[in-house]
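Quick notes on the structure that follows.
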Amino acid sequence: MSWFEALILGLVQGLTEYLPVSSSGHLTIGAALFGIDGADNLTFTVLVHVATVMSTLVVLWSEIDWIFRGLFRFKLNDETRYAINIAVSMIPIGIVGVFFKDKVEEIFGSGLLIVGCMLLVTAALLTFSYYAKPRQKSRISLRDAFIIGLAQACAVMPGLSRSGSTIATGLLLGNRKENLAQFSFLMVIPPILGEALLDVLKAVKGEEAFGGIDTLPLVVGFIAAFLSGCLACKLMINIVKRGKLIYFGIYCAVAGAVTIAMSLIQ
């Protein structure tokens, strides 16, 4: 992997982690276009995912600080309820990540065909959530947090957007747009860090080997993913508040159709 390829893929990861268009799907497409696979791709993917987590911590630091300050008051306040909702939302992805992720990847793989199909599913979710008008709720309930977590667990499929699935599901449940983007981005921090840790443990155990990728591409990719992630995180929060997800639905539909065509041509 060259530094230029790392720059492009880092930018792609940072932007698409928060925009509802699937970062895993776009990384798969980018890697296929550049001819990158195997250990190099694993190393790079782990690194840029950690970079996007860092961008979330920076952009949403005031909210994270608010939660932890409330938790250390050791009473059932709004901050504690919010933290409990995040913990509940992590249950499905935790189960899938620990027990079923490898089986899902083995069955469905990460080829362009499945990426294209899941991009079409993402498009359908975003479109449906845009036109649906359920009764608005004042806060995210424990039940809704768990269902949103189920949507996140389904997003292990390459091409099915994590942020798109969670935000669209929350909208369909009647939660307010103002609450969903922040909740969606905060609930993703532990799973991404956990997934990165599992990948590192696999490499240490010899199940998968990290490639001999040079330091420069790794540094360039990390910085690109971090900076573009900061931009995309702020942008996405504003987009969700304005309710403009339909445009991303159209993009995912076009991208899905093109990706399916690419898979059939190969």
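Scope of the values below: all heavy atoms of this structure, side chains included, with no hydrogens, waters or symmetry mates.
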Criterion side-chain contact (heavy atoms from CB on, under 4.5 Å) on Leu180 and Ile140, from CA distance to verdict: CA-CA 8 Å; Leu180 278 172; Ile140 299 172; 4.2 Å; yes
Evaluation steps, side-chain contact (heavy atoms from CB on, under 4.5 Å), between Met236 and Phe185: CA-CA 10 Å; Met236 189 59 194; Phe185 296 157; 3.4 Å; yes
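Cluster membership for Tyr130 and Ile237, using ILVMFWY side-chain heavy atoms within less than 4.5 angstrom, is not shared. Criterion: ILVMFWY side-chain heavy atoms under 4.5 Å apart, direct or through other members. Under it, Leu172 and Ile239 are not part of a common hydrophobic cluster. Under the 4.5 Å side-chain contact rule for hydrophobic residues, Trp61 and Leu71 share a cluster. Leu126 and Tyr131 are members of different hydrophobic clusters when ILVMFWY side chains are connected at heavy-atom separations under 4.5 Å. Both Ile189 and Ile167 belong to a single network of hydrophobic side chains, linked directly or stepwise wherever heavy atoms of I, L, V, M, F, W or Y lie under 4.5 Å apart.
Here the side chain of Thr52 pairs a donor or acceptor atom with the backbone of His49 at under 3.5 angstrom. A donor-acceptor pair is defined here as one N or O able to donate and one able to accept, closer than 3.5 Å; no such pair exists between the side chain of Thr169 and the backbone of Thr166. No donor-acceptor pair under 3.5 Å is formed between the side chain of Ser55 and the backbone N or O of Ala225.
Annotation: side chain of Leu160 is in contact with side chain of Cys154 (closest heavy-atom distance under 4.5 Å). The shortest side-chain heavy-atom distance between Met90 and Ile86 falls under the 4.5 Å cut-off. Under the 4.5 Å side-chain criterion, counting only non-hydrogen atoms from C-beta, Val58 is in contact with Phe226. In this structure, the side chains of Leu186 and Ile64 come closer than 4.5 Å at one or more pairs of heavy atoms.
In this structure, CG in Leu9 is found 9.0 Å from CG in Leu7, a value given to the nearest 0.5 Å. Considering OG of Ser228 and CD1 of Ile223, their distance stands at 11.5 Å, rounded to 0.5 Å. Here the OG atom belonging to Ser89 is positioned 12.0 Å from the CD1 atom belonging to Ile84, to the nearest 0.5 angstrom. Annotation: the span from Asp144 atom CG to Leu173 atom CG amounts to 4.5 Å, rounded to 0.5 Å. Expressed to the nearest 0.5 Å, how far CG of Asp65 lies from CG of Leu57 amounts to 12.0 Å. The CG atom of Leu227 sits 10.5 Å away from atom CG of Leu15, with the distance rounded to the nearest 0.5 Å.
Side-chain atoms of Asn77 and Thr80 form a donor-acceptor pair, as typed in the model, at a separation below 3.5 Å.
For the pair Val96 and Ala153, the tightest heavy-atom approach, listed with the atom from each and the gap, is CG2-CB, 3.9 Å. Minimum heavy-atom separation, Arg139 to Asn175: O-OD1, 3.6 Å. Annotation for Lys177 and Leu171: closest pair CG-CD2, 3.4 Å, computed over non-hydrogen atoms. The minimum heavy-atom distance linking Leu125 with Ser165 is given by the pair CD1-OG, 3.9 Å. Listed here is the closest heavy atom pair of Ser161 and Leu19: OG-O, 4.1 Å. For the residue pair Glu63 and Val59, the shortest heavy atom distance occurs at OE1-O, 4.3 Å.
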What side-chain donor-acceptor pairs closer than 3.5 Å can you find for residues 245-262, not counting sequence neighbours?
| from | atom 1 | to | atom 2 | distance (Å) |
| --- | --- | --- | --- | --- |
| Tyr251 | OH | His26 | NE2 | 2.8 |
| Thr259 | OG1 | Ala255 | O | 2.7 |

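In the displayed structure, Lys137 atom NZ is contacted under 6.0 Å by more than 12 heavy atoms of other residues, nucleotides or ligands.
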